[in-house]
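Here is the structure we will look at.
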Amino acid sequence: MPMTTSSPAPAATTNIDSMLKEKRVFKPTAKFSKEARIGTLKKYKKMHRASLRNPDKFWGKLAEDLSWFKPWKKVCVWKPPFAEWFVGGKLNASYNCLDRHLTGPLRNKAAIIWEGEPGEVVTLTYLQLHREVCLLANVLKKHGVKSGDRVMIYLPMIPEAVTAMLACARIGAPHSVVFSGFSAEALKERTNDCGAKIIITSDGGYRRGSALAVKANVDKALDGCPKVKSVLVVQRTKMETPMTPGRDFWLHEEAQTVNAVCEPAVLDSEHPLFILYTSGSTGKPKGILHTTAGYLLGCHTTTKYYFDLRPEDVYFCTADVGWITGHSYVAYGVLSNGGTSLIYEGAPNFPEPDRFWRLIDKHKVNIFYTAPTAIRSFIKWGDDWLAPHDLSSLRLLGSVGEPINPEAWIWFYEKIGGKRCPIVDTWWQTETGAHMIAPMPGATPMKPGSATLPFFGVDAAVVDDRGREVGPNVGGKLVIKRPWPSMLRSIYGDATRYRKTYWSEIPGVYFAGDGARRDKDGYFWIQGRIDDVLNVAGHRLGTSEVESALASHPDIAEAAVVGRPDEMKGQAVVAFVTLKNGVTASPALKESIRAHVGKEIGPIAKPDDVRFAEGLPKTRSGKIMRRLLKEVAASPNGIIHGDTTTLEDLNVLAKLKETGE
Ligand code: PRX
């Protein structure tokens with residue numbers, strides 16, 4: 001039922017263009033709208049207008065949904081580009097996610113339903129989770145952790161990952177979760193950057209039918225982390241795990257030595273809640289700093305309105321806790337709302353490609369939040385895997401991580417959602433803490449591929465290079481024009497980089513790093529990263545991060561990394577490398593290079609393609625011309641259209657094209 005049309009976007013900024021010609025519009029069903037918290041576009045628009053007209057009043061009202069030990073004096077103090085929210089207020093995130101639910105009917109309700117990859121199920125009620133959190137918090141205290149101390153969490157998707165985050169929040173120790181698929185090197189770098197003295201990890205975890213060692217990576221990392229004094233180890237697989245006496249402790253043994261009484265620390269609104277590292281356009285990952293009240297309010301409110309979460313729902317988010325999605329929408333947002341979070345440990349295709357459908361059917365999942373790259377895998381695996389499973393419990397679907405291509409959207413809508421579930425396509429970032437642009441499920445007509453309209457308080461725009469707002473369907477830079485509660489507060493230890501990265505591209509506004517256009521209905525169509533950041537299977541990778549890993553390979557003289565469009569992963573990583581004198585290119589060397597990057601960063605960063613080159617195309621000033629490399633990567637034997645007038649040596653380009661397989 002097409003209501004509007006949108007045409008390809010003329011570009012206001014070089015390299016930003018859109019070829020998308022999606023015209024379909026899908027309205028939420030009457031039933032969904034009737035039952036939803038926000039059931040009409042009119043109501044959404046009214047609330048959005050109010051949120052921009054008087055943000056302090058608006059957020060002050062919404063913040064009453066949280067539990068405060070002491071009320072705030074001022075909603076927002078904005079000294080650009082530094083914001084403080086709910087100044088003077090005192091609260092605790094773990095209290096908001098646990099204690100406040102213990103006095104009423106939620107007390108014995110499931111907070112977490114966890115299914116291990118081998119199939120065991122563990123349910124933790126709010127009361128039980130509270131106890132586990134208090135025990136772990138007391139173990140942390142026993143090991144000398146105090147308010148403000150950073151705690152590393154390097155765990156697979158087991159309940160303890162959530163317990164650990166909340167235990168840290170309880171005592172005011174900011175956590176820094178590192179995705180357990182990241183390498184020892186990555187863990188080392190992050191641990192040292194935030195100066196943590198303690199790491200919580202596990203012996204191993206299950207993935208695709210095998211028990212994979214996790215603590216072994218911690219041991220490797222700790223060779224280079226002199227500040228770390230203790231390692232707390234969760235016993236998950238019971239695999240053989242060497243323990244260093246005096247440094248390593250089994251968590252279940254330590255928990256026997258403490259009691260389960262731990263009062264939540266009374267913390268300032270701006271007390272740091274966590275640091276989460278993410279890739280940027282330089283080699284060094286950025287420690288994104290989030291603080292307590294604003295972040296929690298962002299997660300809480302978006303979960304409530306965008307997922308329309310109800311206490312009786314079973315909510316399943318497939319993201320790992322190592323990413324921001326796992327922080328905001330596996331843990332904090334769901335639990336602060338008293339929801340039930342289904343957590344699954346393993347691979348989506350173990351033992352068969354229908355594992356998610358099995359989980360949805362078995363646990364009667366109502367809300368399912370996943371990524372376009374996963375949806376494209378489901379499509380590839382085939383609809384036969386759906387047939388045996390009853391998915392009728394689902395009432396809302398969500399998508400995150402990259403623009404969802406209309407084909408994947410329609411499949412998700414029809415095959416998984418049975419044409420009755422709205423798809424909440426959520427645009428946001430590690431830095432934004434919570435959803436920023438997405439359809440309100442009972443109100444906003446959906447257009448496949450568009451994240452649609454901004455959340456309350458989000459003043460988003462598409463601008464040209466000089467910061468002027470562009471007209472309908474013109475591509476430009478996506479910016480946010482004023483602070484919002486869950487925004488990052490800084491880059492840990494580097495306020496200068498914070499200012500430079502986010503607030504100086506276009507002075508006075510937050511630049512998200514994404515290109516976008518708005519159609520004539522005001523809908524946002526995100527076009528992806530326009531900085532040197534790749535989006536591989538919904539995960540951010542800095543090209544220079546991969547380049548520094550490559551440069552540390554003993555045979556490599558120079559390397560450049562670019563993205564290539566990839567049907568499944570959105571983008572694939574292509575590395576162009578020049579070898580040191582005397583080294584010969586070979587398939588074995590390719591493999592060794594890929595393995596090296598896996599070791600330095602983690603398997604997700606392994607280049608899909610390694611191209612050997614005699615030289616890299618550079619401008620006269622010596623800058624590698626990525627734009628040209630991108631073209632070469634995308635069309636191995638194709639023609640290069642880009643401007644080559646500043647190229648130092650055109651022969652290099654000709655040779656690069658020859659290396660295409
Ligand atoms: O390019 C956008 C893309 O993911 C980037 C943020 O990555 P990260 O901080 O790792 O957080 C991922 C989970 C929030 C953005 O700059 N992105 C995320 N969601 C969408 C998206 N692009 C288009 N549509 C989305 N729904």
Side-chain angles (χ1 to χ4, degrees), residues 16 18 20 22 177-179 181-182 275-281 285-290 295 298-299 302-303 306 317-330 333 369-375 397-406 408-409 412 423-439 444 446-455 458 460 462 477-480 486-488 491 501-502 505 510-517 523-542 545 563 569-571 604-605:
I16 307 176
S18 168
L20 215 54
E22 182 56 46
V177 183
V178 174
F179 173 51
F182 275 148
I275 300 159
L276 180 61
Y277 286 85
T278 188
S279 297
S281 47
K286 300 178 286 197
I288 303 300
L289 176 69
H290 282 288
Y295 170 80
C299 300
T302 48
T303 303
Y306 275 145
C317 167
T318 66
D320 192 283
V321 284
W323 312 111
I324 190 69
T325 310
H327 284 59
S328 304
Y329 300 108
V330 170
Y369 189 30
T370 194
T373 184
I375 297 169
L397 303 173
S399 170
V400 60
E402 58 178 307
I404 180 166
N405 51 308
W409 195 100
F412 200 33
I423 297 180
V424 183
D425 175 0
T426 57
W427 176 84
W428 59 297
Q429 307 176 296
T430 306
E431 292 87 343
T432 70
H435 301 150
M436 298 292 277
I437 301 178
T444 313
M446 295 162 285
K447 302 182 190 181
S450 170
T452 76
L453 301 170
F455 189 58
V458 175
V462 178
K477 289 175 172 161
L478 178 59
V479 298
I480 312 292
S486 64
M487 65 186 264
L488 78 163
I491 293 176
T501 310
Y502 302 108
E505 178 98 11
Y510 172 87
F511 170 52
D514 282 341
R517 73 181 162 95
Y523 278 39
F524 286 85
W525 296 77
I526 314 294
Q527 296 162 338
R529 304 290 306 197
I530 50 174
D531 51 11
D532 286 335
V533 175
L534 306 180
N535 189 331
V536 178
H539 299 312
R540 266 163 76 162
L541 270 183
E545 214 178 318
K569 300 201 285 185
Q571 274 186 309
I604 53 162

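Reckoned from all heavy atoms, side chains included, excluding hydrogens, waters and symmetry mates. Ligands are counted one by one from 1 in listed order, and the atoms in each one are counted from 1 as well.
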Geometric N/O contact S399 with ligand 1, under 3.5 angstrom:
no
What residue and atom, counting heavy atoms only, is the protein's closest point to atom 23 (C) of ligand 1, and at what distance?
P403 N, 3.0 Å
State, with a plain yes or no, whether a side-chain heavy atom of L276 is found less than 4.5 Å away from one of H290.
no
For residues T278 and I324, determine if any side-chain heavy atom of one lies less than 4.5 Å from a side-chain heavy atom of the other.
no
Below 3.5 angstrom, do we get any N/O pair linking G401 and ligand 1?
yes
Would you check if Y502 and K286 make a side-chain contact, meaning some heavy-atom pair closer than 4.5 Å?
yes
Got the closest protein heavy atom to atom 5 (C) of ligand 1, with its distance?
R529 NH1, 4.0 Å
Tested for side chain to side chain donor-acceptor pair (under 3.5 Å) against S279, the lone hit among H539, E545, R540 is E545
Is the distance between the ring centroids of W428 and Y306 less than 6.0 Å?
no
Any side-chain heavy-atom pair from I530 and F511 closer than 4.5 angstrom?
yes
Suppose I only count heavy atoms of D514 and a 4.0 Å limit; which atoms of ligand 1 are within that range?
1 (O), 2 (C), 15 (C), 16 (O)
Beyond-backbone contact of H435 with F455, side-chain heavy atoms, under 4.5 angstrom:
no
Consider every N or O of T325 and every N or O of ligand 1, then say whether any pair is closer than 3.5 Å.
no
Beyond-backbone contact of I375 with T370, side-chain heavy atoms, under 4.5 angstrom:
yes
Distance filter under 4.0 Å to V400 heavy atoms, resulting ligand 1 atoms:
13 (C), 14 (C)
Could you tell me, atom by atom, which parts of ligand 1 come under 4.0 Å of a heavy atom of T426?
19 (N), 20 (C), 25 (C), 26 (N)
Run the numbers for me: atoms of ligand 1, each under 4.0 Å from some heavy atom of N535, listed by number.
3 (C), 4 (O)
With heavy atoms under 4.0 Å as the rule, classify the contact between Q429 and ligand 1 as side chain, backbone, both or neither.
both
I526 neighbourhood, listing ligand 1 atoms whose heavy-atom distance to it stays under 4.0 Å:
22 (N), 23 (C)
To check you understand the geometry: which heavy-atom pair defines the closest contact between A516 and I526, and what is its length?
CB-CA, 4.2 Å
For atom 8 (P) of ligand 1, what's the nearest protein heavy atom and its distance?
R540 CD, 3.3 Å
Shortest protein contact, atom 9 (O) of ligand 1 (heavy atom only)
T430 OG1, 2.6 Å
Quick check: closest heavy atoms across G398 and F412, and the distance to 0.1 Å?
O-CE2, 3.7 Å
Ranked by distance from atom 20 (C) of ligand 1, the top protein heavy atom is E402 N, 3.5 Å
Within the structure, does T278 bring an N/O atom to less than 3.5 angstrom of an N/O atom in ligand 1?
no
